[in-house]
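First comes the structure, then the notes that go with it.
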Amino acid sequence: MKNNYLITTPIYYVNARPHLGHIYTTLLCDVMNEYQKLSGKNSFFLTGVDEHGDKIVKAADLENSTPQEYVNKISGIFEETWKSLKISNDDFIRTTQERHKKVVQHVLNKLYEKGDIYLSEYEGTYCLGCERYLTEKELNEDGNCPDHLVKPEIIKESNYFFKLQKYLPIWEKILENNPDLVKPEQYFKEISGTIQELKKLGEDLSISRPVKRLTWGIPIPFDKNYVTYVWFDALLNYISALDFPDGEKFKNYWPQARHVIAKDILKPHGIYWPTMLLAADIEIFQNLFVHGYWLGLNDVKMSKSLQNAVNPVDLINVIGLDSFRYFLMREMTFGSDSKFSESTLENRINQDLANNLGNLIQRTLSMIKKYTDGNIPEKVTNPENEVLDEIIRFSVIRFNDFMNTFQFSKALESIFVIIDKLNKLIEENKPWEMAKKNPSLVPGFLRMLLDGISIVMLNLRPFLRVKFQQYSSITGLHSEINFPLNSNEIKYNVQLPESWDILFPRIILTENEVS
Ligand code: ME8
C-alpha cells in the first residue's frame with residue numbers, strides 16, 4: 001500500500017476553456033506523477049471537470065445550449081487539451097457521470113441517516129464565481145469578492161445543512177497532530193485561523209440549493225425539492241473516481257491521496273472536505289499541497305472571468321512543450337504568486353536551457369566528436385571526479401527532498417548547481433589546451449562531463465520528457481534507470497552519430513509569433 005501514490009488536480013469548472021492556471025496545476029501533477037513512477041511507485045493521477053452549478057447554466061445560456069450539451073463540449077475541450085499537452089492522467093472524472101452521482105447520493109444518505117444533515121433557513125452573501133457564501137471578513141474593502149471583483153448577492157432561503165461545527169474540533173485536533181498535512185506552512189496556518197473564525201461564527205454548511213432556483217445539480221436523494229450544492233458534489237469526485245465505497249482503487253489508493261490546488265479553493269479543501277470525510281467515516285487524505293496564482297496584467301489573478309488569461313497553446317507551438325513545462329515549474333516558487341510575461345519566459349529559457357544546459361551538452365558532445373572521434377570514452381577516476389561526485393551526491397539528495405514536497409523550483413535549482421559546476425570545469429580545465437599539453441587526460445575528462453550531464457538529464461526527465469529522449473538517442477544512454485540514481489548504472493552505446501539537432505536552441509518571442 002505504501003508503494004501506491006494518488007495525485008489529484010481540482011476538477012475544473014467547464015464554464016470556460018482551460019487557461020494557464022488550469023494548465024499549470026495539471027502540469028505540476030503530471031510532473032509529480034512521472035517522478036513518482038520513476039521512483040518505483042504505482043502512481044494514479046486523477047483529474048476531471050466540475051459540471052454542475054449556476055455558473056455552468058449561465059455559460060450554457062450565453063451559448064444558447066442546454067447545460068448537458070454545453071458541458072459535453074467544454075469537457076471535450078479539456079480532455080483534448082490534456083492530450084495535446086501529453087498529460088498522463090489515469091482517469092478523467094465528470095460530475096455528470098452516473099458513477100459520480102451514485103456516490104454523492106450514497107454519502108448524502110449516510111450523513112442524513114446519521115443525523116449530520118438537517119433542514120434550516122439561511123441568509124448570507126453569496127459569490128457566484130466562488131459558488132459559496134463569503135463571510136464579511138473575506139470581502140475586500142469595496143465589499144466585493146477579492147477573486148472575482150464583484151459584489152456578492154444577498155440570498156435568503158431554506159436549505160439542507162451539514163453539521164460542520166460538530167466536526168471542526170476533530171479536524172482541528174488532527175491538524176495539530178499532523179503539522180505536515182497542509183503544505184506550505186502558511187496555508188496550514190490559514191486553515192487553522194479559518195477554523196477559529198468558523199467556530200466563533202457557529203454556522204454549519206449549506207449543502208443544497210432549491211430546484212426553484214437551480215435544477216442543474218445532483219438531486220438530494222431524500223427531498224426532490226433540492227439539488228446538491230456544487231462543492232459538496234465536486235469534492236466527492238476524489239473518491240467517486242476510485243469507486244468508493246467498495247472498489248479496489250479506493251482501497252489501494254485512497255490511503256495515499258495527495259490533493260493539489262491553488263489557494264483560491266483552500267477553504268473547501270481545507271475545511272469542508274476533511275469534515276465531510278470525518279462525517280462519512282473515511283480516512284483523511286495524506287496531504288493538501290497549495291500553490292499560488294499566476295498573475296496577469298496589473299498583477300491580478302489570471303482568470304477567464306477577468307479576461308486576462310494567457311492562451312498557452314499558442315506559446316507552446318512556438319517554444320515547445322518541454323521548455324514551457326520547464327519554465328512554469330522553475331518560475332513559480334511553490335506557494336507564492338508568480339507574474340507571467342513573455343520576457344520572463346524568454347529570459348528563463350534562453351538563460352537556463354539554451355545557455356547553461358544546452359551549451360554544456362553541445363560543447364561536450366562536439367569535443368567527444370573532435371578528440372575521441374565520437375567514441376564514448378572510458379570512465380577513469382581522478383581527484384576532479386571526486387569533487388564533482390560530492391557535488392552531484394549532495395545536489396541529488398536535495399533534488400529528491402524538494403521533489404517530494406512539490407518544491408520543483410528549488411529541486412531544479414539543485415540540478416543547476418551540477419550544470420554550473422560542469423560548465424566551470426570546462427572553463428578551468430580548457431580541454432582544447434589539455435589536448436595539446438596532456439592529451440591522455442582528455443578522454444577521461446570528457447567522460448566525466450558526459451556522465452555529469454547524463455545525471456542531470458536523468459533527473460530532469462519528469463520535466464523534459466522529449467528532450468531526454470532526444471539526448472538518450474544521441475548518446476545511446478541506457479534510459480531504464482529509476483530514482484534514486486546510481487551512477488554506476490550509467491551506460492552508453494559506443495559511438496555518437498554523425499550529427500544531431502541542437503537540443504535547446506535559443507528562442508525569440510516577438511509580437512508576430514504569439515497572438
Ligand atoms: O475552483 N493561477 O474550478 P476552477 C494558478 N471547480 N492556478 C490557477 C489560476 C491561476 N491564476 N486560475 C485557476 C474550481 N487555477 C472548482 C474546483 S475541486 C473539487 C473543484 C487552477 O475552474 C488552480 O488549480 O475555478 C485552482 O485551484 C483551480 O484552477 C480552480 O479551477
Side-chain angles (χ1 to χ4, degrees), residues 31 34-35 38 86 316 318-327 329-330 349-380 385 388-389 392 395-396 399 412 415-416 418-427 429 431-432 434-435 442-483 485-507:
V31 168
E34 188 109 345
Y35 173 75
L38 287 166
K86 309 264 186 300
I316 292 166
V318 178
I319 67 172
L321 186 52
D322 275 11
S323 300
F324 187 68
R325 247 166 114 99
Y326 172 81
F327 167 75
M329 299 303 130
R330 175 64 184 82
I349 290 175
N350 285 340
Q351 194 54 40
D352 291 5
L353 295 183
N355 288 359
N356 290 351
L357 178 57
N359 269 345
L360 171 67
I361 295 175
Q362 190 56 24
R363 284 168 100 184
T364 304
L365 295 181
S366 305
M367 286 192 285
I368 293 176
K369 205 79 195 151
K370 179 164 179 189
Y371 296 118
T372 62
D373 211 13
N375 294 309
I376 307 280
E378 290 297 321
K379 202 177 167 113
V380 287
N385 232 331
L388 178 64
D389 282 350
I392 289 176
S395 301
V396 169
F399 173 78
L412 287 167
I415 295 303
F416 272 75
I418 306 175
I419 297 172
D420 289 347
K421 176 66 188 171
L422 292 169
N423 274 323
K424 208 154 154 224
L425 280 172
I426 298 180
E427 294 312 317
N429 289 279
W432 48 94
M434 198 190 270
V442 173
F445 182 78
L446 294 179
R447 173 63 189 252
M448 177 181 74
L449 294 178
L450 189 68
D451 284 353
I453 295 171
S454 295
I455 288 175
V456 163
M457 291 303 284
L458 283 160
N459 277 293
L460 293 181
R461 265 176 302 177
F463 303 89
L464 302 173
R465 268 196 297 228
V466 179
K467 298 293 177 185
F468 175 76
Q469 286 309 333
Q470 214 179 323
Y471 174 77
S472 65
S473 75
I474 297 170
T475 56
L477 172 68
H478 297 190
S479 53
E480 304 298 307
I481 307 174
N482 279 351
F483 294 129
L485 297 179
N486 173 355
S487 51
N488 291 331
E489 290 179 74
I490 292 181
K491 296 196 171 57
Y492 309 89
N493 290 347
V494 281
Q495 266 279 333
L496 292 184
E498 270 316 301
S499 63
W500 55 86
D501 287 337
I502 289 192
L503 267 141
F504 297 102
R506 288 182 70 80
I507 58 159

Residues in ring pair (Phe, Tyr, Trp, His ring centres under 6.0 Å) contact with [X], at least two apart in sequence or another chain:
{"X": "F445", "value": "none"}
{"X": "F324", "value": "none"}
{"X": "F327", "value": "F340"}

Return the set of residues passing side-chain hydrogen bond (donor to acceptor under 3.5 Å, both in side chains) with [X] (not counting sequence neighbours), or none when no residue passes.
{"X": "N375", "result": "Q495"}
{"X": "E427", "result": "R363"}
{"X": "R465", "result": "D30, E34"}
{"X": "D352", "result": "Y326, R348"}

Checking [X] now: which residues fulfil side-chain contact (heavy atoms from CB on, under 4.5 Å) with it, not counting sequence neighbours?
{"X": "N350", "value": "E346, A354, R506, I507"}
{"X": "L321", "value": "L85, K86, I316"}
{"X": "K491", "value": "H478"}
{"X": "E489", "value": "I481, N486"}

Inset, instruction - Supply the atom-to-atom distance L388 CG to L422 CG, rounded to the nearest 0.5 angstrom. - result: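 Answer rounded to 0.5 Å: 5.5 Å.
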Sequence neighbours left out, cut at 3.5 Å: what donor-acceptor pairs do the side chains of residues 364-371 make with other protein atoms?
unit_1: T364; atom_1: OG1; unit_2: L360; atom_2: O; d: 2.7
unit_1: S366; atom_1: OG; unit_2: Q362; atom_2: O; d: 2.7
unit_1: K369; atom_1: NZ; unit_2: P497; atom_2: O; d: 2.7

Legend entry - Mutual orientation of the aromatic rings belonging to Y35 and F399 [parallel < 30°, tilted 30-60°, perpendicular > 60°]: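 Perpendicular.
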Legend entry - Lys/Arg-Asp/Glu bridge criterion (N-O < 4.0 Å) met for R447, D451: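 A salt bridge is present here (some side-chain N lies under 4.0 Å from a carboxylate O).
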